[in-house]
Every structure is written in structure tokens, then in C-alpha cells.
Amino acid sequence: MKHQIETLLATAVAELPGLEGPAPTPVIERARDAQHGDYASNIAMQLAKPLRRKPREIAEDLITRIPDSPVLAGVEIAGPGFINFRLSPDAFHQELVRVIDDGQAYGCSDLGQGERVLVEFVSANPTGPLHVGHGRHAAYGACVANLLAATGHEVQREYYVNDAGRQMDILALSLWLRMQDLRGTGLAFPSGGYRGDYLVEIARGAVGDAHTRGLLPMPSDWGAGAPPDAPDGDADAHLDALIENLRERLGIEGFREVLGIGLQSILDDIRQDLGEFGVAYDNFFSERSLVESGAVAEALERVKASGHTYIEGGATWFRATDFGDEKDRVVVRDNGSTTYFASDIAYHLQKRGRGYARLVDILGADHHGYIARVRAGLAATGEPPECLEVDLVQFVVLYRGKDKVQMSTRSGQFITLRELREEVGDDAARLFFVSRSNEQHLDFDLELAKSRTNENPVYYIQYAHARICSVMSAADNQGIQWNEARGKQSLSRLTESHELKLMQALVRYPEMVELAARQRAPQHIVHYLRDLANDLHAYYNAHRFIVEDEALRDARLCLILATRQVLRNGLGLLGVSAPASM
RNA sequence: GCGCCCGUAGCUCAGCUGGAUAGAGCGCUGCCCUCCGGAGGCAGAAGUCGGGGGUUCGAAUCCCUCCGGGCGCGCCA
């Protein structure tokens, strides 16, 4: 609808005399005040300067050039030179019919024209279960992917599995120590190890099998030669010595087997958690595969070939400052191993190599330093740095009513996504996570999320949907069938203020999807749905839908069914269910 | 110290590309079904858009500066 108006106005602008160069594309926005009509444009004010004419005069001129259209009921000039457009009843009726006819597809567009976009999100290190913060990433990323898909982009949803590097060695060591514990050989657990109970669980499942393969048990004085642990010694040095020692004892194969057991079960758990949360991925991309395929080495070659590297202190540095980063970055350490940053360059080059025009990374707010350096890496290797778009997600603070929930592992308070889901439910969690801008810190009130009252936007929106379903089944119980054709023909009977308001809200839905997709801001959808639910509830309270007058009844059912469809579609984008009863 | 994010009603937050009289929810005050689900609706009170300066026809929105809060600045991942 909005685009129709834009096209009409563009025609008028193109005909305007005295314009040098290309005519600016007129911009239409929704009028803030219903008294001003449905849409407004400030084009006349924008043209005032180049044309050296008064805005109101230009507006007058434009109005006479706007082609006649059945969707327009009126065009007026207001204030300093706004052009206000009022939609005709026909325009609303057409749109209502479109909602019914398009069904699930209503609100979708081909705006993206099939552009290939890779959305990478969560990508939590596979060293433990997902926590609450990852839940926000998952909910946000899934919505962004849905929004991009709904607006005609070809979307790939990807999880980057950091299954290479030292953290994996620490995981293997930690798991192996837990397995030892179960065999009764109590060794001191290093302070830098992964202490979570989940590793004990995994160890329990693995210990029997490992034992039969001769990996267990080990002598209890194992690791005695390692430098002291913190607080007296260096925790990292201690850890590294233990890892080296273990690798020697178990051999490369044995070590990898232990590592594999830990990685696999944690990854399975993460997959399951996300799946149950309604977050589906197209691909889990392994960092290790990147290393083993030689992609990292290849990426390094490309960076070196660009001439933007140098050697200092035995390490190879990438001169990121050549591309606007604040400092240069190491890509190969003095010990010969590549850095995480090197993998990152390789990964992003690899994504480009797979044909993705846009790379959307959804990262924690603490990762903002990466953006410049990865872009620098892309630029050095000849890729357009702006193809990488990063959305930073701020932290989540849990509240139980007024009390802040401490999220330290030690406190014993829950911190995992699974526990959150179990406490408040998937729908509430998904909606709460995306109800705020990703750039905003999120206060997540568990009590509010659980409450089944109007305080809770989840239930408020779902209730509107269930209410419509309830009306339909009530009609059914009375032996009344909705006559679709008669309803569509009788839409001119919808003249109550509540009905007009609801229609105005429905028409806005495709614009909201577009806006939310463009800004990657799903909170717009949440706020829109809340408003839509409000309009529905108000209408419900003011009027009855199942009335004697058949034409009016069918028209009203048409309106609420269209509302139900939009609620459903919107909730679908958010990954929240639309129950028929609650 | 440098960089990024944030500061809007008592609380939690929207506010689109700069646009017309800054909006919701909660909380507070008072109302509303003999009815298709009261998990609802209606009305009211409540604001120096952190302070100051600038850009312009117009600033919560852009720029500068100050104040306050969060995060980041490894040959970690």
C-alpha cells in the first residue's frame, strides 16, 4: 500500500518543472496523527531549497500532478508543506481481501531479490551448555533470519563451532579428570579447567567405554611435574603442562578421542536446546574443518600476498592499521600457531567463497573490537569490507521481581538457557528476548515472563489470537458458517471507528516487516503486534461479531480472521506460537 | 587514557530517513458485560527527551562538549 502511494507521488515529482538532475525519490511515511490521514510526505519541503520555491507552492503543484487512483480518498496540504494522503475505503477493503487470500504469505515481499545472506549467530564455544545470554542471541538471530527470508533474501543460518584451539584441549583435560574422579583416582582439579556439573555427567557416560580401551586409569601422581596452579602459580602454565602431559600419556589418538567425546555430547546438547527453543540452523560450521582443509593457511597466504604483513618478535603481524583498525594484529604466533583472528579471516573469506553477498554476524557486545579487524582482513584480501554487517547484542540481566538474579556459576542460581526455558516457557522467553533493541541492555523479569496476566505481552498477544479462534468456534457451535464470498463483498459495512482502526493497523503489517528486516530490529514486530492485539481487544469489547445481519457478520468475521492471520504471521516471524486456546 | 553502546513519565521501554501536539505497558485514581473467553475494555493524573552549545524551515533523532551507567582495549577463544 505504501509503495503504491510512493509510486503515485514519484510520478508527480518526475513531472515537476525546473528540477535539475534526477528527481529525488519521494519518501512516504505513516502519518503520526490519524487526523492527518494515513500517509504523509515531506517531499515539498525537501524540494524547496533546490527549486528555490516555497514548500506549500511546490506541494500545490505536486498535488495537481498526482494521478487519479482508486486507493486515494483525498490529498491535502498541511502545516509547513506536508502532503497528506488519505486512503479510500476501497484501498482498505482490497488489502483485507489480500490478507485473507495470501494467508501465511501476507507480509512477505521480494525486496531482497534473492540476495544471498549468511546469518551467523550464537556460535557459543562448545565447552558447556548455553546460558541465558546465548538465548537472547538465538532468539534475535532466528528472528533476523526469518525477517530477511520473509523479505525475499536467500538466507543461510549458521553456527560457527569453535572446535579448534586451546579451549578444546582444556575441555579434553577437564573431562578426562572427571573420568578419573569416577575411577576413584582423585586428582586436584586445575583452577582453569571447566568445572561445570555437565562434565561429570558426560564423564559418567564415557568412563566405562574409555576404560575398556585402556585410557583409564592413570597413576595418581600423574601431573606432578607441572608448575604450580593459581593462586601461588600461573594457572595457564599449569594447565598447559597438564595438557601436554596428558597428550603424551594418551597419545594423539587417545587424546582426540576424549576430546571428541566431550565436544560431541556438548554440541549435541546445544543442538537439542536450540531445536527445542525453535531455533533451526542450516549449517554448523566447524572451525577445525577450516584448519584441516588448509583454508586458514590459504587465507594467510592471501593476506601475506597483499603486502600488509610484517614479522616482529618472531610473530607474523597483519598491518590492520592500514585499513582503519586501531592497532596491528598477530596472525601467526612466535610458536608457529595461528591465532583465532587468522581463523576468523579464513572463515569470512570462506563464507564469501560460498557466494554470500552479505555476511551478518550476531555477536556479543564485548566483541565490538572484532568488527574493524575482520573488515580489515577482508579489505586486505580484496573483499568489500562492508559486506560484513555486525549486530551487537547487549547483555541480559535476570530479575525475579525486583531482585537481581546472580548469574555466577558458584551461586547455584540457574544460568542455563534450558533452565530459563523450563521456568518461563519457550514462547515467553522468545518474545522477551526480542522485545528490546539488541543494542539495549535487557532486564528480563522472570516473574513477569511467567505471569499469566495482562502485564505479560506474550499472553496479551496470544490471547487476541485465541479469542478470535474462540469466536469462530462459538459461531460454529451456533451452526453459523462464515461465508467468505459474502464477507469480502460486504466490507463496506465496516464503518465503526474500531473497525477502521483495525483495518489501518492491518494494512501497516507489510511495512512493519520491511522496516524490521531493513533495520534487523524484530522489536518493531513485537510492538506492532501488541498494538494490533490492543485494537482487536478494544473492538471485541465494543461490538459483537456474530450478529443477525448476515452480510455484516460475514464482513466482521472477515476482519477478525484477517487480524488472526496477521497475528499468526507476526508471531511466526518471532518464533512464538499462536495457540487456538489458552 | 582510547573505542563502542546507553541515558525519554515513579518503574521497564518504543519512537522509522530529522517532521506536525513525544508514545506504550506496569504502577496509581476512577469506571465498564444478563453478552462471541474479564488473560479484556474505557478514562484520568504523570515529561526540562541527562546538562549545555551548534547545524536548519524543523532536533528525542545529526554534530561538538560535559555529566552519569555498561562493555571492550591479549602472541585468549
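Within every chain, numbering begins at 1; the chains are lettered A, B, ... in the order of the sequence lines, protein sequences first and strands thereafter.
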If you check every side-chain atom of [X], which of [options] has the closest atom?
{"X": "Leu392(A)", "options": "G41(B), A14(B), C4(B)", "answer": "C4(B)"}
{"X": "Trp317(A)", "options": "C71(B), G37(B), C75(B)", "answer": "C75(B)"}
{"X": "Lys327(A)", "options": "G72(B), C36(B), C73(B)", "answer": "C73(B)"}
{"X": "Gln394(A)", "options": "G37(B), A14(B), C5(B)", "answer": "C5(B)"}
{"X": "His368(A)", "options": "G15(B), C42(B), G72(B)", "answer": "G72(B)"}
{"X": "Phe395(A)", "options": "C71(B), G37(B), G41(B)", "answer": "C71(B)"}
{"X": "Gln519(A)", "options": "C71(B), G37(B), U17(B)", "answer": "U17(B)"}
{"X": "His527(A)", "options": "G25(B), A14(B), G37(B)", "answer": "A14(B)"}
{"X": "Ala538(A)", "options": "U12(B), A14(B), G41(B)", "answer": "G41(B)"}

* **Between Glu511(A) and Tyr39(A): side-chain donor-acceptor atoms closer than 3.5 Å** => yes
* Asked: Between the side chains of Asp328(A) and Tyr310(A), is a donor N or O closer than 3.5 angstrom to an acceptor N or O?
  -> yes
* Structure fact -> The residue, Phe82(A) or Gly313(A), whose nearest nucleotide of RNA chain B is more 5′ is Phe82(A)
* To do: Nearest-nucleotide wise, let me know which of Ala365(A) and Gly165(A) is further upstream toward the 5' end of RNA chain B.
  =>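 Closest to the 5' end, via its nearest nucleotide, is Ala365(A).
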Gap between atoms [atom1] and [atom2], on [X] and [N] respectively (whole Å):
{"X": "Leu502(A)", "N": "G41(B)", "atom1": "CG", "atom2": "P", "value": "13 Å"}
{"X": "Leu147(A)", "N": "C16(B)", "atom1": "CG", "atom2": "P", "value": "17 Å"}
{"X": "Leu536(A)", "N": "A39(B)", "atom1": "CG", "atom2": "C1'", "value": "14 Å"}
{"X": "His465(A)", "N": "G37(B)", "atom1": "NE2", "atom2": "P", "value": "15 Å"}
{"X": "Asp535(A)", "N": "A24(B)", "atom1": "CG", "atom2": "P", "value": "12 Å"}
{"X": "Arg436(A)", "N": "U8(B)", "atom1": "CZ", "atom2": "C1'", "value": "13 Å"}
{"X": "Ile58(A)", "N": "C57(B)", "atom1": "CD1", "atom2": "P", "value": "13 Å"}
{"X": "Met512(A)", "N": "G15(B)", "atom1": "CE", "atom2": "C1'", "value": "11 Å"}

* Asked: Salt bridge between Asp38(A) and Arg86(A), side-chain N to carboxylate O under 4.0 Å?
  ->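 Looking at Asp38(A) and Arg86(A), the cut-off is not met.
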* **Electrostatic pair Glu29(A)-Lys2(A), nearest N-O below 4.0 angstrom** =>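 Salt bridge between Glu29(A) and Lys2(A), a charged N being under 4.0 Å from a carboxylate O: no.
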Can you check the distance between [N] and [M], where both ends of the measurement are the [atom1] atom (answer in whole Å)?
{"N": "G50(B)", "M": "G68(B)", "atom1": "P", "answer": "16 Å"}
{"N": "C32(B)", "M": "C71(B)", "atom1": "P", "answer": "50 Å"}
{"N": "G7(B)", "M": "C11(B)", "atom1": "C1'", "answer": "15 Å"}

Look at the side-chain N and O atoms of [X] and state whether any lies under 4.0 Å from the OP1 or OP2 oxygen of [N].
{"X": "Gln523(A)", "N": "G15(B)", "answer": "yes"}
{"X": "Arg467(A)", "N": "G38(B)", "answer": "yes"}
{"X": "Arg333(A)", "N": "C76(B)", "answer": "yes"}

* Asked: For residues 334-347 of chain A, which residues have at least one heavy atom under 4.0 Å from RNA chain B?
  ->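 Per residue number, the list reads Asp334(A), Tyr340(A).
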Quiz item: [X] side-chain donor-acceptor pair to [N] base, under 3.5 Å:
{"X": "Asn84(A)", "N": "A20(B)", "value": "yes"}
{"X": "His367(A)", "N": "G72(B)", "value": "no"}
{"X": "Asn42(A)", "N": "G19(B)", "value": "yes"}

Who is the Watson-Crick or G-U wobble partner of [N], with both distances under 3.5 Å?
{"N": "G30(B)", "value": "C42(B)"}
{"N": "G47(B)", "value": "none"}
{"N": "G18(B)", "value": "none"}

* To do: Start with the C-alpha gap between Asp169(A) and Arg247(A), add the side-chain angles, then the distance that decides, and say whether salt bridge (Lys or Arg N to Asp or Glu O under 4.0 Å) holds.
  => CA-CA 9 Å; Asp169(A) 295 339; Arg247(A) 214 193 294 270; 3.2 Å; yes
* Flag, side chain of Ser490(A) to backbone of Arg493(A), donor-acceptor distance under 3.5 Å -> no
* Asked: Where is the tightest heavy-atom contact between Ala464(A) and Leu536(A), given as atom of each residue plus distance?
  -> O-CD1, 3.8 Å
* To do: Hey, could you give me the OH/CZ distance between Tyr140(A) and Arg430(A), rounded to the nearest 0.5 Å?
  =>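 If I round to the nearest 0.5 Å, the distance is 13.5 Å.
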* Could you state the interatomic distance from CZ (Phe545(A)) to CD1 (Ile468(A)), rounded to the nearest 0.5 Å? ->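 Between Phe545(A) CZ and Ile468(A) CD1, I get 7.5 Å after rounding to 0.5 Å.
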